[in-house]
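The chains referred to below are lettered A, B, ... by the order of the sequence lines, with proteins before strands, and numbering in each begins at 1.
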Protein chains: 2
Amino acid sequence: MTEITSPPRSPSGIDIAEWTRDRIRKGRLVPGQRLVEVDITRQTGASRSKVREALQRLEGEGLVQIDPFRGASVRTASIEEVRQIYRARIALEGIAAGDFVRNADAGQRARLRELQEKLESCVAGNAPERFGRLNTEWHGLLVEGSGNAVIADVLRRLNVPIHRLLFESFYNADRLRVAIADHALIIAAIDANDPDAAEAAMRKHIADGFHTLSAIDHEVRG
Amino acid sequence: MTEITSPPRSPSGIDIAEWTRDRIRKGRLVPGQRLVEVDITRQTGASRSKVREALQRLEGEGLVQIDPFRGASVRTASIEEVRQIYRARIALEGIAAGDFVRNADAGQRARLRELQEKLESCVAGNAPERFGRLNTEWHGLLVEGSGNAVIADVLRRLNVPIHRLLFESFYNADRLRVAIADHALIIAAIDANDPDAAEAAMRKHIADGFHTLSAIDHEVRG
DNA sequence: CGACACAATATTGTCAACAATTTCGTCGGC
DNA sequence: GCCGACGAAATTGTTGACAATATTGTGTCG
C-alpha cells in the first residue's frame with residue numbers, strides 16, 4: 001500500500017438538489033410553486049443540465065412534480081394524502097419506538113431525556129417555533145436510536161411535504177402540553193423497558209397530532 | 001368548449017427510468033452491476049442527457065447509487081439493510097392489513113380470496129415462480145385495499161432491492177405451506193372484521209418470511 | 001516475475017446552442 | 001365588455017461537443 005486513497009471529491013459547485021430541498025424545507029418554496037429552471041440557474045450559478053438532473057432527482061424523492069413541457073413544481077399534499085402520511089408515520093414511528101427500547105444505548109436514552117427537558121422549557125416561554133425544531137429533533141433521535149436507517153430515511157421523506165404542518169399545531173399552547181405529556185408517557189415506557197407500551201404510546205401520540213391538525217384545518221377552511 | 005383537451009403527450013421516446021427499473025426488477029441487472037451511460041444510450045436510442053436524468057431520478061428513488069466520476073450502479077442491499085427493510089415492512093403491511101379490514105370493499109375481499117385459492121393451487125404443482133408472482137399480487141392487493149396510496153408507494157420502493165429474495169424462499173415447499181397458512185390466518189381475521197388480529201397475523205407472517213430468508217442466507221454462505 | 005511509470009482508452013462531468021411547446025399579451029370582431 | 005385568433009415571449013425538451021477524471025494497457029527496470 002503506497003498511499004491513503006484520497007476520497008473522490010465531488011464534481012463541482014454546490015448540490016442543486018440539496019439547495020432546493022433546503023428551500024422547500026425552510027418554507028422558502030411553498031407547495032404548488034413552480035420551479036423555473038432558469039431561475040435556479042441564476043440563483044445557484046449552475047448550468048441548466050445540472051438543474052434538470054437535480055429536479056429529476058427530487059421527483060424521484062417525491063418532493064416535486066414534473067409535468068411535460070410545464071416543468072417542476074413543489075408537490076402539494078392533499079388532506080387525504082396528509083392523512084395517509086400520518087398513517088404511515090403511526091406504523092413506522094410506532095415500531096421505531098419499540099425498537100428504541102430494544103436497541104438504543106445509554107447515551108441516546110440520556111439525550112432523549114435532555115431534549116424532553118428543553119421541550120418542557122418551551123411551554124412557559126411560549127416558543128412554538130423553537131418547540132417545533134426541538135420536537136423534530138426529538139422524533140429524529142428516537143428513530144436514530146431504533147437503529148433502523150431505512151425507516152429513518154423513509155420518515156425523512158414522508159415529513160417533507162408536511163413540514164409546515166408539523167409546526168403550525170404548536171402555536172396552540174394546549175397542544176404543546178398534550179404533546180409533552182405524550183412524550184413523557186413514551187419515555188416512561190422506554191425506562192420501563194416495555195417495547196409494546198412504547199409503541200402504543202407513540203401511535204397514540206401521532207394519531208392525536210393528526211387529529212389536532214384536522215381540527216385546525218377544519219377551523220381555517222370552515 | 002370546442003374540443004376535448006388532449007392529454008399532454010410525453011416529450012418523446014421511451015422512459016429510460018422505467019426501462020431501467022424494469023430491467024432491475026426482472027433481474028436482468030444484478031445488484032452491484034455498473035450502469036454505463038453510453039450502453040443505455042445505445043440500447044434505448046436516447047441521448048446521454050436523458051440517460052443521466054433518468055439515473056439521477058433512480059438514485060432519488062433509492063434504486064441505484066451514483067459515485068462521482070464513476071457513474072451509477074445497481075444498489076446492493078446488505079444483510080443488515082434487508083433486515084431493516086423487513087422491519088419497515090412489518091410496520092407498514094401490518095397497519096395496512098388492519099386498514100384493509102376497515103376500508104376494503106366487498107370486491108377487494110373477494111379478489112383476495114380468489115388469489116389465495118390460486119396460491120394454494122401452486123403447492124401441489126410445485127411452481128415457485130408462479131407462487132412468487134401471485135404472492136406479490138396478493139400483498140399488493142391487500143395494501144391497495146387498505147386505501148393508502150402513500151404506504152403502497154413506500155412498499156413498492158422498499159421491495160425493489162429485495163425483489164429476488166422475495167422469490168428465492170419459495171423454492172422451499174415447506175415455506176410455501178407456511179406462507180399459505182399465514183395468509184389463511186390473515187384472511188380469517190379479515191372475515192371476522194378484527195383489524196388488530198389482522199395486523200398481528202400480518203406482522204408474524206412477514207417476520208417469519210425474514211427468518212426463512214436469513215436461514216437460507218446462512219446456509220448459502222456458511 | 002513483479003512493481004512502477006506512463007500513455008491510451010473509456011467514462012463521466014459540464015456547457016452552450018437549437019428545437020418544440022406552452023404561456024402571455026395584443027388586436028380585431030361581435 | 002367578452003371571445004377567439006394570432007404572434008411574441010418565456011419555458012422546457014433535446015442534442016452534440018469538449019473537458020475532467022478514472023480505468024486499462026504497455027513497456028521498462030529491478
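- Side-chain contact between A:Thr212 and A:Asn172 is absent, with no heavy atoms from C-beta onward closer than 4.5 Å.
- For B:Arg70 and C:dG13, a side-chain-to-base donor-acceptor distance below 3.5 Å is absent, hydrogens and geometry of angles not being considered.
- Nearest-nucleotide assignment on DNA chain C puts the 5′-proximal partner with B:Val38, out of B:Val38 and B:Ser49.
- Residue A:Arg48 places its side chain closer to C:dC18 than to any other of C:dT21, C:dC18, C:dT14.
- Using a 4.5 Å heavy-atom threshold, the side chains of B:Phe170 and B:Glu129 count as separate.
- A:Leu35 comes within contact range of the sugar-phosphate backbone alone, with a heavy-atom separation under 4.0 Å but no base atom that close.
- Per the geometry, CD belonging to A:Gln56 stands 13 Å off P belonging to D:dT12, to the nearest Å.
- For the pair B:Glu137 and B:Lys118, the salt-bridge criterion is not met [side-chain N within less than 4.0 Å of a carboxylate O].
- Between A:Arg89 and A:Phe210, every side-chain heavy-atom pair lies at or beyond the 4.5 Å cut-off.
- To the nearest angstrom, P of C:dC15 lies 15 Å from CD of A:Glu37.
- As a whole-Å value, the separation of A:Ile66 CD1 from C:dT22 P is 17 Å.
- For A:Asp15 and C:dG13, the CG to C1' distance is 14 Å, given to the nearest whole Å.
- Across the protein-nucleic acid pair, B:Leu55 atom CG and C:dT12 atom P stand 9 Å apart, rounded to whole Å.
- Counting heavy atoms from C-beta on, the side chains of B:Ile24 and B:Val64 come closer than 4.5 Å.
- Distances shorter than 4.0 Å separate none of the side-chain N or O atoms of B:Arg52 from OP1 or OP2 on C:dT12.
- Whole-Å rounding puts the A:Asp67 CG to D:dG13 C1' distance at 14 Å.
- For B:Lys50, no side-chain nitrogen or oxygen approaches OP1 or OP2 of D:dG13 to under 4.0 Å.
- The nearest heavy atom of DNA chain D to B:Ala46 and to A:Ala72 marks one nucleotide each, and the one closer to the 5' end goes with A:Ala72.
- Computed from coordinates, the A:Asp39 CG to D:dT12 C1' distance equals 13 Å when rounded to whole Å.
- Across D:dT12, C:dG13, D:dT23, the shortest atom-to-atom separation from the side chain of B:Arg34 is found for D:dT23.
- Rounded to an integer number of Å, the gap from CZ of A:Arg57 to P of C:dG13 is 12 Å.
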